[in-house]
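Every chain is numbered from 1, with letters handed out A, B, ... down the list of sequences.
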Protein chains: 2
Amino acid sequence: MQHIQFFGNHLRQLREEANLPLRKVAAALDIDPSTLSKIERGERVANEGMAQIIAQLFDQPVDELKIMLWSDRIAGELCNEENIPEILENTRKKINYLRAQSLEQGKLDFEE
Amino acid sequence: MQHIQFFGNHLRQLREEANLPLRKVAAALDIDPSTLSKIERGERVANEGMAQIIAQLFDQPVDELKIMLWSDRIAGELCNEENIPEILENTRKKINYLRAQSLEQGKLDFEE
DNA sequence: TTTATATTTGACAAATATTGTCCAGAATAT
DNA sequence: ATATTCTGGACAATATTTGTCAAATATAAA
């Protein structure tokens, strides 16, 4: 699987604007500076916990960062596939369906 | 990560309509019958090679099966996340962008 | 230039996750 | 009731991801 690095690019930009060395941000994230370097360059992937911390650290909306992170991840998985629009639309529908279902389920549990 | 089983349900339906036991289809896929059982029930995941073989075996459009497989997989990864529409739309845009880029790159290589 | 600091790169083991395989028990069909 | 099919769990084998470190490279400051 290929790594997409919009998140990493963004993070590097934030970090450089703040004039912080990898060392500092890595410490905040509790990871090795070399790992952070790889994240910024798309060799490794961040996780949601990191997105949280970065959001705080640079006063960014956490939702945007998470969206960036997830879409990087999924884009990396799908980028060599065909029928991308169909796959994504199907995904959206399935999740909708599943959520509607668990709502139903919730209702039933409540009513019983 | 949770497993979504639209693909598995579909496969089970095809298999039962064809009156084939797990054993037979598993042999065609070169996997253990119990693994196939698990795939049909969403405990394990199929891969693209299996989708190919299933398409042949049951004379189904391979693209549809692959779309089903991939959207199951992505839906499983995302089903507990927020901002699903945004994530999926961002994913689509990124892949578009990356593909436009490699076209560009291709053109440059060719022109040089 | 030297020296210090920051970043990149590669290697490797540790931790996780996935997959293949088998078997015993449950369910279903004959 | 016998045979066949299916399920569920266990377990090792494999693959993937992650953490960690040290050496090489690049950048900045003196």
Distance check needed: [N] [atom2] versus [X] [atom1], whole Å only.
X     : N      : atom1 : atom2 : answer
A/I39 : C/dT9  : CD1   : C1'   : 16 Å
B/Q5  : D/dT7  : CD    : C1'   : 14 Å
B/L22 : C/dT21 : CG    : P     : 17 Å
A/R41 : D/dT25 : CZ    : C1'   : 12 Å
A/R23 : C/dA4  : CZ    : C1'   : 12 Å
A/E40 : C/dT9  : CD    : C1'   : 15 Å
A/K38 : D/dT18 : NZ    : P     : 12 Å
A/N47 : D/dG19 : CG    : P     : 8 Å

Does a nitrogen or oxygen in the side chain of [X] sit under 4.0 Å from OP1 or OP2 of [N]?
X     : N      : answer
B/R44 : C/dG20 : no
A/R12 : C/dT7  : no
A/T35 : D/dG19 : no

query: Heavy-atom distance under 4.5 Å between the side chains of B/M50 and B/I31, does that happen here?
result: yes
query: Can you find an N or O donor on one side and an acceptor on the other, under 3.5 Å apart, linking the side chain of B/S34 with the base of C/dC22?
result: yes
message: Using the rule given for side-chain contact (heavy atoms from CB on, under 4.5 Å), can you reason through A/R73 versus B/E77, listing the C-alpha separation, both sets of side-chain angles and the distance that settles it, and then say yes or no?
response: CA-CA 10 Å; A/R73 180 183 292 250; B/E77 292 181 46; 4.0 Å; yes
message: So if I apply the side-chain hydrogen bond (donor to acceptor under 3.5 Å, both in side chains) rule between B/E40 and each of B/H10, B/Q13, B/R15, which one comes out positive?
response: B/R15
field: Residue whose closest nucleotide on DNA chain D lies nearer the 5' end, A/D30 versus A/M1
entry: A/M1
- line: Between B/H3 and B/G42, the two heavy atoms sitting closest are CB-O, 2.8 Å
task: Tell me whether A/F6 is reachable from B/L78 by hopping between hydrophobic residues (I, L, V, M, F, W, Y) whose side-chain heavy atoms are closer than 4.5 Å.
output: no
- request: Can you figure out which of C/dT7, C/dT9, D/dT18 approaches the side chain of A/V45 most closely?
  value: D/dT18
statement: Nearest-nucleotide check on DNA chain C, B/D32 vs B/R73; residue mapping nearer the 5' end is B/R73
